[in-house]
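These figures come from a predicted structure and were not determined experimentally. Hydrogens, waters and symmetry mates are skipped; everything else that's a heavy atom, side chains included, is used.
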Amino acid sequence: MRDFSDIELKELLENDSPETASDLAAEADAIRRQYYSDEVYIRGLIEFSNYCKNNCYYCGIRGGNTGAVRYRLTKEEILSCCQEGYDLGFRTFVLQSGEDPYFSDEKICGIVAAIRHEHPDCAITLSIGEKPRESYQAYYDAGANRYLLRHETASEEHYQKLHPKEMSASERKRCLSDLKEIGYQVGSGFMVGSPYQTTEHLIQDLRFLQELEPDMIGIGPYISHGETPFAGCENGTLSQTLRLVSILRLMFPYALIPATTALGTIHPRGRELGLQAGANVVMPNLSPMRVRKLYDLYENKISTGEEAAQSVDLLRKQVVSAGYRVVEARGDVKRDKLIP
């Protein structure tokens with residue numbers, strides 16, 4: 001486990017040389033193989049609602065985007081997605097939505113309990129935003145195992161530039177603390193290259209993650225959306241995102257790190273490059289075809305083709321081409337080095 005100084009991190013984050021990136025990726029890949037061999041875990045992503053009460057300035061499904069075409073999946077549709085995914089070999093389901101008040105704790109618990117009943121051997125991950133502790137406890141008691149909640153930025157000053165005043169970094173961190181205490185496998189992370197972001201902000205993000213010690217760390221390049229206050233802002237870069245994936249693998253050798261859809265959006269081989277930089281998870285989309293383009297967090301998001309879960313054979317070939325193999329497993333975090 002590498003413990004970089006702030007000076008070392010600043011140099012790495014601001015050094016855009018291909019040689020530096022290649023050296024980092026090689027070191028990161030060696031570490032990930034010590035913990036996870038050549039295994040890549042697949043998660044079936046179900047984006048079940050694009051309604052959101054929040055107005056985050058960077059997000060295409062923000063409540064204030066009147067141009068968004070909204071949808072909600074029914075419980076039956078969600079269960080059907082899970083069954084299809086199970087038949088394809090998925091053993092983790094990720095239920096993601098905006099912060100949609102329609103989905104009460106009772107509804108969420110009912111969905112989680114039904115999935116747990118039908119697929120007792122699978123992991124259930126929720127990614128539905130900030131909730132009171134008692135809600136998180138109820139979801140856990142119903143059968144949820146994991147929770148994804150990106151902190152987005154650890155700096156309160158930067159957080160306020162990305163969100164309306166009723167939201168705060170301290171509340172986001174409170175949620176993450178509650179989730180860990182309850183017993184979830186917790187995932188956090190941040191955008192790379194978001195508006196107003198500095199190198200110092202990124203170092204703060206890494207230091208916050210060291211405090212949190214999450215099981216999963218998801219990062220991706222910021223990609224602008226035309227129906228947000230940040231329309232036209234410069235996107236995050238592939239090179240800096242890949243360097244950060246490698247740095248995260250070196251700092252958190254045990255972590256589950258996805259090669260995100262955003263990486264695949266900004267480069268045709270973005271996810272393969274993410275795997276080679278140290279990532280070990282991919283999250284194909286199990287949502288019904290009719291709604292995939294509507295979960296529009298950023299522009300040009302992959303929604304068909306290799307991102308479709310039905311194309312899992314193509315996905316396996318892409319993973320093999322990167323030097324790894326897809327395994328059918330829950331893919332739980334490995335805190336201890338297990339591979340000789």
Side-chain angles (χ1 to χ4, degrees), residues 3-16 52-65 98-99 127-133 147-180 186-214 216-237 239-245 247-248 251-252 255 257 260 262 266 297-298:
D3 187 14
F4 298 96
S5 69
D6 286 1
I7 292 173
E8 288 173 320
L9 287 173
K10 182 177 175 64
E11 289 174 350
L12 289 172
L13 291 170
E14 295 180 351
N15 183 343
D16 202 18
C52 191
K53 67 179 184 181
N54 295 330
N55 263 304
C56 305
Y57 301 151
Y58 49 82
C59 184
I61 65 168
R62 62 197 304 268
N65 180 8
E99 292 196 21
S127 181
I128 56 177
E130 296 178 0
K131 304 287 183 181
R133 184 187 178 108
Y147 204 101
L148 305 181
L149 183 65
R150 286 187 179 185
H151 68 274
E152 299 298 9
T153 175
S155 161
E156 188 68 65
E157 167 263 335
H158 186 215
Y159 196 95
Q160 290 304 319
K161 291 183 177 180
L162 304 179
H163 301 86
K165 62 181 183 299
E166 61 268 19
M167 300 181 70
S168 70
S170 59
E171 176 65 8
R172 186 64 58 101
K173 292 174 182 178
R174 187 275 305 167
C175 291
L176 287 163
S177 176
D178 285 349
L179 288 162
K180 281 209 74 170
V186 174
S188 194
F190 53 90
M191 293 179 291
V192 179
S194 59
Y196 309 109
Q197 187 180 70
T198 65
T199 301
E200 287 67 33
H201 290 145
L202 289 171
I203 294 172
Q204 278 185 265
D205 288 324
L206 294 170
R207 297 304 181 213
F208 169 69
L209 290 171
Q210 283 182 308
E211 294 173 18
L212 182 66
E213 295 185 327
M216 301 161 281
I217 304 173
I219 68 167
Y222 164 77
I223 304 175
S224 69
H225 190 290
E227 297 299 323
T228 71
F230 292 154
C233 283
E234 188 175 345
N235 292 339
T237 66
S239 61
Q240 189 173 46
T241 306
L242 293 176
R243 286 200 307 280
L244 272 159
V245 168
I247 289 168
L248 287 167
M251 293 178 70
F252 306 92
I257 301 175
T260 59
I266 65 171
L297 303 180
Y298 48 81

* Please assess K10 against E200 for the test side-chain contact (heavy atoms from CB on, under 4.5 Å), listing each intermediate value before the final yes or no. => CA-CA 8 Å; K10 182 177 175 64; E200 287 67 33; 3.4 Å; yes
* Asked: What are the two closest heavy atoms between P221 and A262, and how far apart are they?
  -> CD-CB, 3.7 Å
* Within the side chain of E227, is there an N or O that forms a donor-acceptor pair under 3.5 Å with the backbone of G60? -> no
* **Distance in Å, N55 CG paired with I61 CD1, rounded so as to fall on 0.5 Å steps** => 11.0 Å
* To do: Please answer whether the main-chain N or O of M167 pairs with a side-chain N or O of Q160 as donor and acceptor at a distance below 3.5 Å.
  => yes
* To do: Start with the C-alpha gap between L12 and L244, add the side-chain angles, then the distance that decides, and say whether side-chain contact (heavy atoms from CB on, under 4.5 Å) holds.
  => CA-CA 9 Å; L12 289 172; L244 272 159; over 6 Å; no
* To do: Enter the distance from E130:CD to L176:CG here, rounded to the nearest 0.5 Å.
  => 9.0 Å
* Do you know which two heavy atoms are closest between F252 and Q210, and how far apart they sit? -> CZ-N, 3.6 Å
* Got R62 and Y57 here, is their nearest side-chain heavy-atom distance under 4.5 Å? -> yes
* Report yes or no: does D16 contribute a side-chain atom to a donor-acceptor pair with the main-chain N or O of Q240 at less than 3.5 Å? => no
* Taking the side chain as C-beta and beyond, is there a heavy-atom pair between L149 and V186 under 4.5 Å? -> no
* Report yes if some heavy atom in the side chain of P214 is under 4.5 Å from a heavy atom in the side chain of L209; otherwise report no. => yes
* Asked: Hey, is the main chain of Y58 close enough, under 3.5 Å, to the side chain of H163 for a donor-acceptor pair?
  -> no
* **Close side-chain approach of Y222 and F230, heavy atoms under 4.5 Å** => yes
* Value rounded to 0.5 Å, distance of CD in E8 from CD1 in I203 -> 10.5 Å
* **Single hit among H151, E152, R172 for side chain to side chain donor-acceptor pair (under 3.5 Å) with S188** => H151
* Asked: Would a distance-only check, ignoring hydrogens and angles, find a side-chain to backbone donor-acceptor pair under 3.5 Å from E156 to S170?
  -> yes
* Pairwise side-chain contact, L202 with D205, heavy-atom cut-off 4.5 Å (strictly under) -> yes
* Under 3.5 Å: donor-acceptor pair, side chain of R243, backbone of N15 -> yes
* Asked: Should the heavy atoms of other residues, nucleotides or ligands under 6.0 Å from CD of E234 be counted, would the total exceed 12?
  -> no
* L162 side chain near C56 side chain, heavy-atom distance below 4.5 Å -> no
* To do: Test side-chain hydrogen bond (donor to acceptor under 3.5 Å, both in side chains) on H201 and T153 and set out the steps.
  => CA-CA 7 Å; H201 290 145; T153 175; 5.5 Å; no
* **Interatomic distance, S239 atom OG to I266 atom CD1 [nearest 0.5 angstrom]** => 8.5 Å
* Is there side-chain contact between K173 and Y159, with at least one heavy-atom pair below 4.5 Å? -> no
* **Side chains of T241 and I219 in contact at under 4.5 Å (non-hydrogen atoms)** => yes
* Asked: Do K180 side-chain atoms and E213 backbone N/O form a donor-acceptor pair below 3.5 Å?
  -> yes
* Look at E157 together with K161 and state whether they make a salt bridge at an N to O cut-off of under 4.0 Å. => yes
* Calculate, to the nearest 0.5 Å, the distance between atoms CD1 and CG belonging to I217 and L206 respectively. => 8.5 Å
* Identify the heavy atoms of H158 and S194 that sit nearest to each other, and give their distance. => CE1-OG, 3.3 Å
* **Donor-acceptor contact present, side-chain E171 to main-chain S168, <3.5 Å** => no
* **Pair R174 + D178, salt bridge at N-O below 4.0 Å** => yes
